[in-house]
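Reading through the structure tokens given below for one structure.
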Amino acid sequence: MTTTPPPWPGDPLPERELELAAADRAVDALCRTRPEGGLLVYSGAAGIGKTSVLARVRARAAERCTVRTTRADPGTTAVPFHTARALFAPDLADTGGLAALLGPHRALAGPALGLTTPGEEPADPQGVQDALVALTARAARRHRARPLVLVLDDAHWADGESLGWLAALGPRLARLPLLLVVAHRPTEHAAEESRPHLDALGTAARLRVTLRALSPEAAAGLTRRALGTGADDALGRALWDATGGSPYELAELLARLREHPLDPGADQATAVRELAATVRGHRLADRLGGLGPDAARLAWAAAVLGAGIPLRLAASLAGLSPGRQATATGELRAARVLNPGDTVDFTHPLVAGAVYDAVPRSLRTTFHGRAAWLLTAEGHSPAAAARHLLEVHPDQDPALVEQLRRAAREHLAVGAPDAARRCLERALREPPEHHLRAHVHHELGCAALLTSPADTVRHLRTALELPGLDDTLRADATFRLAQALAHNQQMREASLSVAFAAATTEPGPERLRLQAAHFMYDAFRATEDDGPGRSRRLAQLADPLAGETNAERALLTLRAFDGMLRGENHTVVAEFCERALTDGHPAPGLGWTDTAWGFEYPCLAGITYAWIDELDRAEELFGEAVRAYEISGWSGGHLAFAHMLTGAVLRRRGRLAEAETRLRESLRLADRIGTGLPVHWDAVCLLVDTLLARGRTADAQRLAEARGFGPPYPDAMILPDAPSVHGRLLLALGRTDEAVAALEAASAMAERGRHNPVWAPWRRDLAGALATRDPERARALTRRLRVDAERFGTPTALGMALGCEAALAPAGAAPALHARAVAHLEGSPARDELARARVALGLATGDRDQLHRGLLLARTCGADALAEQARSALA
């Protein structure tokens with residue numbers, strides 16, 4: 001006999017009519033000619049009847065829909081993507097349509113779903129999640145004839161990776177022919193990393209219902225239904241008092257009363273209370289005591305192995321022969337501990353939990369260790385057995401450490417860094433042999449890089465303090481430590497870490513790699529101590545290099561980027577870029593997805609091209625980045641950064657509407673992985689700059705306030721110069737005094753030897769702000785701007801400088817300067833700057849042709865305010 005569903009399976013569930021009606025409406029919407037998907041979430045305490053509600057939802061939906069269902073289990077919480085695999089098991093078994101289902105995401109979704117062998121490199125977690133969302137959409141469209149319904153019970157026990165996928169899927173469900181139905185206990189019962197996902201599911205739900213206890217009237221009705229009409233209301237009330245209206249406890253008590261009715265002369269209330277005590281808490285497992293040692297050991301072994309594992313393995317773990325297994329299994333089913341079947345299936349999670357808690361602690365540890373061995377012997381991977389190894393007592397076992405390290409590598413390869421972290425943290429507690437401790441800390445630091453920069457810093461510093469790493473691994477650990485520090489906005493610490501390592505590393509490729517990283521992180525600092533000195537040292541090291549090795553190419557890339565920021569002649573800067581690349585592309589090992597050197601070097605090459613007017617080269621490089629990340633499934637911070645860089649090129653071209661779209665996409669992608677990251681600052685800065693160029697000052701202000709764009713800025717450099725952009729925003733808002741102060745602060749760029757007038761155009765804006773209040777200072781600023789522009793030599797820089805000079809020049813001299821600005825900007829890729837110069841020339845001379853051409857170009861660029869200014873002048 002089973003208690004799931006309760007002993008009134010053919011009757012309506014009492015006091016659940018509204019909840020089931022909501023599910024019926026959702027299924028109706030799914031089955032319309034134009035299907036409307038959705039998400040239903042049922043929550044409530046253990047035993048409140050969530051499973052019974054889901055059983056009825058499944059039964060009703062199955063009449064018209066394709067239903068896929070699974071139930072999470074405490075034993076699988078630590079198994080990445082277990083719930084996803086269980087939900088899609090029937091579709092994944094259809095080998096004929098599997099290729100179409102996986103689509104272009106086979107390399108990412110396949111390993112996560114256990115279909116293909118994972119690669120050796122870590123998979124991007126965000127990319128795997130996106131691949132599963134895309135696979136779900138394809139599965140939903142495949143089942144249009146009978147729309148797809150996914151049902152997940154006990155979601156609080158689902159693995160975090162699957163919950164992350166479902167949380168990402170939630171907001172998209174309204175646009176898919178798919179209904180997702182989820183039930184879970186209150187979120188405090190879930191693992192800490194799973195709670196945000198459950199909250200996100202609740203936020204996205206069409207309906208979120210908290211199931212309540214049954215009323216006394218419902219309890220009385222169920223009592224008559226289960227025990228016959230002769231059962232009086234007093235017994236129903238006694239049952240309700242004893243159970244608090246818990247459907248599970250009520251069903252258990254009624255099942256027992258049907259088998260063993262109360263003595264007619266007994267005190268009903270007292271007898272019911274005594275009986276109720278046996279169906280909750282630790283007393284749930286007491287029923288095993290009368291079944292004999294074989295049944296108890298089989299139940300304990302089953303609780304350790306978890307749901308879905310073959311009973312024969314549970315018997316093997318318990319040390320039972322096939323005959324003794326059969327007898328014990330029959331006893332457990334008769335006692336309503338296990339459901340019928342060949343796999344472990346407890347009648348209720350409360351029973352499973354109580355049995356697991358009843359396993360003697362020493363025996364439980366032994367069972368977990370043997371369970372890991374059994375699963376491995378059955379052909380399961382180290383990752384599948386790892387959840388048991390996590391429960392074994394530390395015992396300085398080198399084999400266990402190695403198995404946990406292998407499991408961690410498998411977890412990383414399928415995009416589950418949190419699972420890898422758990423395995424490696426457990427390996428450290430074993431602990432590893434002395435010479436391996438640094439290796440495990442190094443691996444743990446790398447595993448946490450995408451999810452916890454602080455943990456990465458802690459473990460990599462420990463790895464570097466311990467003996468055991470060779471020069472290559474020490475350089476790698478230092479490089480990744482600097483990456484984590486930079487990711488955490490600790491740019492000075494990043495620079496110092498690689499500087500110290502470079503000074504203590506023997507000459508060779510690893511030392512050059514560290515030296516290049518030192519120059520890079522110093523260049524990235526917004527408040528560098530000795531910018532001119534660093535630039536001189538970099539030039540001395542890089543200028544003679546031919547670019548024959550990746551270390552040389554990295555240094556040449558940094559030399560080009562530094563030259564661009566310093567405002568050196570653009571042709572010289574371009575020549576350094578050419579030496580740093582191979583036929584215009586990143587060299588093997590220095591590409592967008594190569595992890596040894598990082599993606600920063602091709603980024604810097606593209607950024608350099610973008611600010612020396614070589615926008616075709618920049619666009620080609622950044623287009624490669626987007627394609628590389630999409631193909632590789634890197635849809636987290638790397639893809640967000642690639643979109644941001646592409647947006648920067650569009651902004652530089654003056655394609656303002658397209659730039660805005662791309663930058664907003666970059667922010668959307670970045671928001672999925674955290675807040676306050678360097679890519680957030682860059683994308684917001686560029687987006688504010690773009691909105692100001694479009695004349696949408698109010699939008700720029702709202703964005704800046706919502707995103708906290710303004711001082712104090714992080715220690716990391718922002719693309720482009722943030723104080724310059726913020727000062728321009730304040731000018732546009734009419735807050736001139738504040739704008740002047742902000743632009744004066746931007747002059748720190750010059751103190752660091754950085755005189756690129758396009759990257760940091762603070763002199764142009766400050767001169768305009770001071771034109772009437774301090775004309776002599778304004779003229780001095782324009783003269784220095786002109787000097788910097790002529791040194792840099794790009795058409796954009798020269799045109800912008802001449803336009804600034806013309807705006808402050810006497811009326812008689814202005815037209816000629818405006819005309820020269822237009823002439824230079826005609827050779828510039830910055831179309832919005834040319835439009836601005838044409839309108840300025842037309843206004844200064846009354847030339848309607850220039851105004852008209854400026855109007856057309858402004859409209860093409862999306863510079864709405866400039867276009868309106870030209871239109872008004874023409875009118």
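Counting from 1, the numbers follow the sequence of the chain as shown.
Note that CE of Met491 is 12.5 Å distant from CG of Leu496, once rounded to the nearest 0.5 Å. Remark: Leu581 CG to Phe576 CZ distance equals 13.5 Å, nearest 0.5 Å. Separating the CG atom in Leu663 from the CG atom in Leu650 is a distance of 8.0 Å, to the nearest 0.5 Å. The distance from the CG atom of Leu687 to the CZ atom of Arg707 is 9.0 Å, given to the nearest 0.5 Å. Atoms OG1 and CZ, from Thr646 and Arg651 in turn, are 15.5 Å apart once rounded to the nearest 0.5 Å. Put simply, OG1 on Thr557 and CH2 on Trp597 are 10.0 Å apart, with the number rounded to the nearest 0.5 Å.
Closest of all the heavy-atom pairs between Leu639 and Val626 is CD1-O, 4.1 Å. Pro588 and Asn550 make their closest contact through O-ND2, 3.0 Å (heavy atoms, listed as atom of the first residue, atom of the second, distance). Shown here for His585 and Asp583, the closest heavy-atom pair between the two residues is CD2-O, 3.1 Å. Residues Ala131 and Leu108 come closest through the heavy atom pair CB-CB, 3.9 Å. The two residues Leu621 and Gly584 have their closest heavy-atom pair at CD2-O, 3.9 Å. Heavy atoms only, all atoms of each residue included: Ala640 and Leu669 are closest at CB-CB, 3.7 Å.
Checked by atom type and distance alone, the side chain of Asp689 never pairs as donor or acceptor with a backbone atom of Val725 at under 3.5 Å. Under a 3.5 Å cut-off, the side chain of Asp721 and the backbone N or O of Ala760 do not form any donor-acceptor pair. Listed for the Asp543 side chain is no donor-acceptor partner under 3.5 Å among the backbone atoms of Gln540. In this structure, the side chain of Asn488 does not engage the main chain of Gln490 through any donor-acceptor pair within 3.5 Å. With Asp613 contributing its side chain and Thr796 its backbone, the two residues share a donor-acceptor pair below 3.5 Å. In this structure, Arg138 contributes its side chain and Leu102 its backbone to a donor-acceptor pair below 3.5 Å. Thr697 places no side-chain N or O within donor-acceptor distance of the main-chain N or O of Ala732, the cut-off being under 3.5 Å.
Using a 4.5 Å heavy-atom cutoff, the side chains of Met564 and Ile607 are in contact. Contact annotation: the side chain of Leu855 never approaches that of Val839 to less than 4.5 Å [non-hydrogen atoms, C-beta and beyond]. Contact annotation: the side chain of Leu691 approaches that of Leu703 to within less than 4.5 Å [non-hydrogen atoms, C-beta and beyond]. When side chains are defined from C-beta on, Leu719 counts as touching Leu645, because their heavy atoms get closer than 4.5 Å. Taking the side chain as every heavy atom from C-beta outward, Pro711 and His726 approach each other to under 4.5 Å. With a 4.5 Å cut-off on side-chain heavy atoms, Asp765 and Ser724 do not count as touching. Under the 4.5 Å side-chain criterion, counting only non-hydrogen atoms from C-beta, Pro720 is in contact with Leu686. Looking at heavy atoms from C-beta onward, Met520 lies in side-chain contact with Leu604 at the 4.5 angstrom threshold.
Under the 30°/60° scheme for interplanar angles, the aromatic rings of Trp681 and Phe709 are found to be tilted.
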Assess whether side-chain contact (heavy atoms from CB on, under 4.5 Å) is satisfied between Asn569 and Phe792, documenting all intermediate values. CA-CA 4 Å; Asn569 185 269; Phe792 192 43; over 6 Å; no
Are Tyr609 and Glu619 close enough, and set up right, to give a side-chain contact (heavy atoms from CB on, under 4.5 Å), and what steps lead you there? CA-CA 9 Å; Tyr609 275 133; Glu619 190 166 27; over 6 Å; no
Take Phe641 and Tyr629 through the test ring pair (Phe, Tyr, Trp, His ring centres under 6.0 Å) and record every step on the way to the result. CA-CA 10 Å; Phe641 209 82; Tyr629 293 144; 9.3 Å; no
Mind running salt bridge (Lys or Arg N to Asp or Glu O under 4.0 Å) on Arg672 and Asp130 for me, showing each step along the way? CA-CA 11 Å; Arg672 301 190 305 175; Asp130 290 346; 2.9 Å; yes
For Arg537 and Asp530, run side-chain contact (heavy atoms from CB on, under 4.5 Å): C-alpha distance rounded to whole Å, both residues' side-chain angles, the deciding distance at 0.1 Å, then the answer. CA-CA 11 Å; Arg537 293 190 297 274; Asp530 182 19; 4.0 Å; yes
As a quick check of understanding, evaluate side-chain contact (heavy atoms from CB on, under 4.5 Å) for Arg525 and Arg534, giving each step before the final call. CA-CA 12 Å; Arg525 291 185 59 202; Arg534 178 194 55 78; over 6 Å; no
Worked check of salt bridge (Lys or Arg N to Asp or Glu O under 4.0 Å) between Glu665 and Arg668: CA-CA 5 Å; Glu665 173 65 6; Arg668 184 190 71 80; 2.8 Å; yes
Go through the steps to decide whether Arg838 and Glu826 satisfy the test salt bridge (Lys or Arg N to Asp or Glu O under 4.0 Å), and finish with yes or no. CA-CA 10 Å; Arg838 288 199 185 281; Glu826 284 176 334; 2.7 Å; yes
Chi angles and distances behind the salt bridge (Lys or Arg N to Asp or Glu O under 4.0 Å) call for Asp788, Arg763: CA-CA 10 Å; Asp788 288 344; Arg763 283 194 175 93; 2.9 Å; yes
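One finds a salt bridge joining Arg696 and Glu660 here, because a Lys/Arg side-chain nitrogen approaches an Asp/Glu carboxylate oxygen to under 4.0 Å. The pair Arg559-Glu552 does not meet the salt-bridge criterion, since no charged nitrogen lies less than 4.0 angstrom from a carboxylate oxygen. A salt bridge is absent between Glu658 and Arg662: the closest approach of a Lys/Arg side-chain nitrogen to an acidic carboxylate oxygen does not fall below 4.0 angstrom. We find that Arg653 and Asp616 are joined by a salt bridge, their nearest charged nitrogen and carboxylate oxygen being less than 4.0 Å apart. Under the 4.0 Å criterion applied to side-chain N and carboxylate O atoms, Arg627 and Glu630 are not assigned as salt-bridge partners. Taking a cutoff of 4.0 Å between a charged side-chain nitrogen and a carboxylate oxygen, Arg694 and Asp832 do not qualify as a salt bridge.
By the side chain to side chain contact (heavy atoms under 4.5 Å, CB included) test, Arg831 is found to be paired with Leu834, Leu857, Cys861, residues two or more places apart in sequence or in another chain being considered.
Residue-environment remark: CZ (Arg106) stays at or below the threshold of 12 foreign heavy atoms within 6.0 Å. The 12-atom threshold is not exceeded at CZ of Arg492, counting heavy atoms of other residues, nucleotides or ligands nearer than 6.0 Å.
Residues His680 and Asp671 bring a donor and an acceptor atom of their side chains to less than 3.5 Å of each other. For the residue pair Gln126 and Asp124, no side-chain donor N or O sits within less than 3.5 Å of a side-chain acceptor on the partner. At a cut-off of 3.5 Å, with distance as the only test, no side-chain donor of Thr794 or Trp611 sits close to an acceptor on the other residue.
Under the side chain to side chain contact (heavy atoms under 4.5 Å, CB included) test applied with Met644, the options Cys685, Pro678, Ser666 reduce to a single match, Ser666.
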